[in-house]
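First up is the structure itself, then whatever we jot down about it.
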2 protein chains.
Amino acid sequence: MTAADRVLLEIQRAIVEGDIPAGSKISEPELARRFDLSRAPLREALARLERCHLIERIPNAGARVVTLSKEGLISLYQLREELEGLACRLAAEQMTDAEIAEVRALLDQHLSTQRVREGESYYQEAGDLDFHYRIILGSKNPYLINILCDELYFLVRMYRVQLGMNGPRVSRAFDEHKAIIHAIANRDGELADLLMRRHIGASRRNIELQLTGNQA
Amino acid sequence: MTAADRVLLEIQRAIVEGDIPAGSKISEPELARRFDLSRAPLREALARLERCHLIERIPNAGARVVTLSKEGLISLYQLREELEGLACRLAAEQMTDAEIAEVRALLDQHLSTQRVREGESYYQEAGDLDFHYRIILGSKNPYLINILCDELYFLVRMYRVQLGMNGPRVSRAFDEHKAIIHAIANRDGELADLLMRRHIGASRRNIELQLTGNQA
DNA sequence: TTTGGTGTTATTGTCGACAATCTTTAGGTT
DNA sequence: AACCTAAAGATTGTCGACAATAACACCAAA
């Protein structure tokens, strides 16, 4: 693993968790000192951060961390609904019985840990992401996998971590996950598609509420 | 405009048109000499080429131009159907009457030039791409625009330029374009979505035929 | 002959310094 | 006082060289 990869992971985590605040300016020399490396691997990392929409660069003018907005959230989740719906249809055709069984085991595991850590949202985040990851990987479509897992999901996590995902929504999401994997196990891609779109739509509305509440 | 941007455009064109053959290995020193610049901006360009799926990089091992395959084509066009279908639905809501009129004027212009250059596919390519670009931009969804215009379309062009787009399909595509913009003008997003999916599906089958024919 | 190890070679990753560009600030003019 | 201009400062883009890693060839042993 290269130095650019390491610093990329660190900066990704820092931006997603708000350690580097949204909307703040990125200074290459400052970050280079902070992570104790040259600007070459740092610029490589910045290029990848731009790729996953965590920063915005203007030639000869610098880079800024993205700002979270209601319009951005809606645009992002419009795409998610469409792409993850497609992922469900493909997964219903492509996933092996073994892979489906693994996801079901994963969900059971989430359910038990969720009871213990009621209200603590971070682990739920990771679990939720993990579920979506599995379905997307199950589509076996490399371009779809790349877009969702490598380019869009860090921004999704940023919205969820910074704006929170709490209330009764947390426990309800598990049931929705169960229903989706059940439809996939039945090889009913259409139903899985529909359920996933509703699932993502509900998640969007939940974050939207937080967003309008906070900035009001 | 920076030097990395210039060399990026040149290499993109070279790969899309097969000047740098599909599947060939990329040598950083060689390309640096060939385009007469340092490796720093070249690596920046390579990073963006990877982003639009024209090359594949392995850490510490180099980069290769992608190889065109039937599976790759199908995966790519599955995504296109979904994303451009969404673009049509959004465009039917978001495009202004002026923008719609512009696209119609564009189509009329294509029709007249197409009659003149019957069979010459390259201009048709540009025209077809232009039409799709307009619809995508009309969706006003920045993430959707980024994915389709910046990341996927160079690969689409590569398939079409290298595997050809000929026969009666060329003229038929114009009628399909007409029908799509007509549906958008009527603010019928559902219909535009359906027509676009069929349009892209037909285009895929056409290239698929060429692909199976060539490698057989 | 095939397989495993080793040395060589070439490529990629990284570094520090220089050049080009933009932002900011100070100054002068209307 | 407001606005345009210009110089200073800082930041980004680019360069050539060095270090680390991986591919390759060669040789030895089974």
Side-chain angles (χ1 to χ4, degrees), chain A residues 1-15 19-67 142 146 150-151 154-155, chain B residues 1-15 19-67 142 146 150-151 154-155:
Chain A
M1 178 175 282
T2 175
D5 292 325
R6 276 193 297 275
V7 71
L8 171 67
L9 292 176
E10 284 203 62
I11 300 180
Q12 269 181 341
R13 188 207 53 76
I15 291 179
D19 196 355
I20 301 176
S24 64
K25 197 164 184 308
I26 294 276
S27 164
E28 291 188 8
E30 183 201 325
L31 280 185
R33 282 194 301 274
R34 179 166 163 182
F35 291 104
D36 195 44
L37 43 68
S38 168
R39 278 178 52 217
L42 184 79
R43 285 173 61 84
E44 169 91 23
L46 291 183
R48 298 195 200 167
L49 285 174
E50 185 183 21
R51 177 174 169 172
C52 55
H53 307 278
L54 290 183
I55 67 172
E56 288 167 352
R57 292 174 98 180
I58 301 170
N60 287 316
R64 306 191 75 88
V65 179
V66 294
T67 61
N146 177 257
D150 299 340
E151 294 178 6
F154 294 98
L155 191 56
Chain B
M1 178 177 280
T2 175
D5 292 324
R6 276 193 298 275
V7 71
L8 171 66
L9 292 177
E10 285 204 62
I11 300 180
Q12 270 180 342
R13 188 207 54 76
I15 291 178
D19 197 356
I20 300 176
S24 64
K25 197 167 185 309
I26 294 275
S27 165
E28 290 187 9
E30 184 202 324
L31 279 185
R33 281 194 302 274
R34 178 168 164 182
F35 292 104
D36 194 46
L37 42 68
S38 169
R39 279 179 51 218
L42 184 79
R43 285 172 64 83
E44 170 92 21
L46 290 183
R48 298 195 202 169
L49 286 174
E50 185 184 21
R51 176 172 168 172
C52 53
H53 307 278
L54 290 184
I55 68 172
E56 288 167 351
R57 291 173 100 181
I58 303 170
N60 287 317
R64 304 191 77 87
V65 179
V66 295
T67 60
N146 176 258
D150 298 341
E151 294 178 5
F154 294 99
L155 190 56

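Computation of the quantities below employed the complete heavy-atom set of this structure, encompassing side-chain atoms and omitting hydrogens, waters and symmetry-equivalent molecules. Each chain gets a letter, A, B and so on, in the order the sequences are listed, and its residues count up from 1. Note that the structure is predicted; figures quoted are calculated from it, not measured.
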* What do the steps show when you test L42(B) against I11(B) for side chain to side chain contact (heavy atoms under 4.5 Å, CB included), and what is the final call? -> CA-CA 10 Å; L42(B) 184 79; I11(B) 300 180; 4.0 Å; yes
* To do: Report the C-alpha distance between L54(B) and L155(B) in whole Å, list the side-chain angles of each, state the deciding distance to 0.1 Å, and finish with yes or no for side chain to side chain contact (heavy atoms under 4.5 Å, CB included).
  => CA-CA 6 Å; L54(B) 290 184; L155(B) 190 56; 4.3 Å; yes
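Between I55(B) and I15(B) there is a side-chain heavy-atom pair separated by less than 4.5 Å. Contact of the R43(A) side chain with the E44(B) side chain is registered, since non-hydrogen atoms from C-beta on lie closer than 4.5 Å. Taking 4.5 Å as the limit, some side-chain heavy atom of Q12(B) sits within range of a side-chain heavy atom of C52(B).
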Pairwise N/O distances under 3.5 Å, protein to nucleotides 6-8 of chain C:
none

* Asked: Once each nucleotide of nucleotides 9-16 of chain D is scored for protein heavy atoms under 4.0 Å, what B/S/- sequence comes out, 5' to 3'?
  -> ---BBBBB
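Each ring pair (Phe, Tyr, Trp, His ring centres under 6.0 Å) pair with one or both residues in residues 20-52 of chain B, not counting sequence neighbours, would appear here, but there are none.
With salt bridges taken as basic N to acidic carboxylate O contacts below 4.0 Å, one links D5(B) and R48(B).
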